[in-house]
Amino acid sequence: MHLTHIVRSGRCRVTATAFVAALVLSVRGVLVVGSANAQGSSFAVPKAVGYVNDYARVIPDSTRRSIGDALRRIRSRTEGEVVVVTRATLEGLDVSDMARRIGNAWGVGARSGRARQAGTIVLLIPIERSADGRGYCRIELGVGASAFIPDSVAASICIAATPAFRARRYGEALQGIVSALSKRYDAAFAIVVDTLPSVQLPPALDRVLRDYERAWRARDVAALVALFTDDGFVLQPGRAPARGRAALARVYEGQGGGALRLRALAYAHADSVGYIIGAYGYGNAPGDEGKFTLTLRRARDGRWLIASDMDNGSKPPR
């Protein structure tokens, strides 16, 4: 991770100052977009561990990897930097102050070049961990980023994630926030992201993708594994290959839960074998997070089962 400075002369644009009113998320908790009252604090900025720093431990592993891939794509395409941070509490700080301190200490944002000071910190304090019973969402912008992400837009991005926050689907909420920020960065730096058109699958093949989506969203490991042949093979980025249903169950344990969206880009099938080349994303976020290839084998009962599943995050052309 390349981190330089988010602020200029010790200043960082304050986001969402007009949106300090609380949004009710539950009987006991609220989400605040804006600031909390600052008391005295001995807050020590933690060490950065990457583009996704889930100190509150509320982001599922698979979602954290997806968010990290999206943040690295922002960096690669635009040279701007967006960093996600979750903390259990504000430790007596104002939420914007905590975000600024983290951004300053880590040096988020390029020192020079076209993306000079175009750094952004996304800070989340989840309701169930917060000492005051409130959850906080904050998008803190460097001077360069504030030129193309107005305060009102930053606030609306957090507010749009309210349904997922209310359901405590924090990974999904952060994915939506990162996707919205990515669009702003791409537009500011005139990045055109090509999207390949989808193709319509025959019903029997389409059912494979829809069943996979349902099982993934429900975190139903048994249902996911049941979609594979007995000797099914999975290869995910950064993980060792796994073959056989017992190994697949270990791979999928702890994964899923996000609003996975699968679409087909190409396919073919004949007799007892086939394949689907496709793309995946999450929720209503535009664009694709990555691509996948499924090879298929027809079972005796006529169902198509997955013989192999290989996927990778989308990478911009160099």
Heavy-atom pair with the smallest gap, counting every atom of Ala99 and Leu123: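 Closest approach of Ala99 to Leu123, heavy atoms only: N-CD2, 3.9 Å.
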Return a table of donor-acceptor pairs under 3.5 angstrom between the side chains of residues 247-254 and protein atoms on other chains or two or more places apart.
| unit_1 | atom_1 | unit_2 | atom_2 | d |
| --- | --- | --- | --- | --- |
| Tyr252 | OH | Tyr212 | OH | 3.0 |

Rounded to the nearest 0.5 Å, how far apart are [atom1] of [X] and [atom2] of [Y]?
X	Y	atom1	atom2	value
Tyr282	Ile67	OH	CD1	9.5 Å
Cys158	Leu124	SG	CG	8.5 Å
Arg87	Asp54	CZ	CG	11.0 Å
Thr293	Asn312	OG1	CG	8.0 Å
Tyr280	Asp311	OH	CG	5.0 Å
Thr295	Ile276	OG1	CD1	10.0 Å

Contact check, side chains of [X] and [Y], non-hydrogen atoms, under 4.5 Å:
X	Y	value
Leu262	Phe292	yes
Arg210	Glu213	yes
Tyr136	Leu90	yes
Ile277	Leu294	no

Examine the side chains of [X] and [Y] and answer whether a donor and an acceptor come within less than 3.5 Å of each other.
X	Y	value
Ser198	Arg263	yes
Gln175	Ser66	yes
Tyr185	Thr120	yes

State whether [X] and [Y] are salt-bridged, where the test is any N-O pair (Lys NZ or Arg NE/NH1/NH2 against Asp/Glu carboxylate O) under 4.0 Å.
X	Y	result
Asp61	Arg64	yes
Arg65	Asp69	no
Asp211	Arg214	yes

Hey, could you give me each pair passing salt bridge (Lys or Arg N to Asp or Glu O under 4.0 Å) that has a residue in residues 229-248? Not counting sequence neighbours.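 For residues 229-248: Asp230-Arg245, Asp231-Arg297.
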Got a sec, which residues hit side chain to side chain donor-acceptor pair (under 3.5 Å) with [X], two or more places apart in sequence or on another chain?
X	answer
Asp220	none
Ser182	Arg77
Glu79	none

Got a sec, which residues hit side-chain contact (heavy atoms from CB on, under 4.5 Å) with Asp271, two or more places apart in sequence or on another chain?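 Here no residue qualifies.
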When you measure from the side chain of [X] to the backbone N and O of [Y], does any donor-acceptor pair fall under 3.5 Å?
X	Y	value
Thr162	Ile159	yes
Asn104	Arg100	yes
Ser156	Val153	yes
Asn53	Gly50	yes
Trp106	Pro46	yes

Criterion side chain to side chain contact (heavy atoms under 4.5 Å, CB included) on Leu227 and Val208, from CA distance to verdict: CA-CA 7 Å; Leu227 298 175; Val208 175; 5.8 Å; no
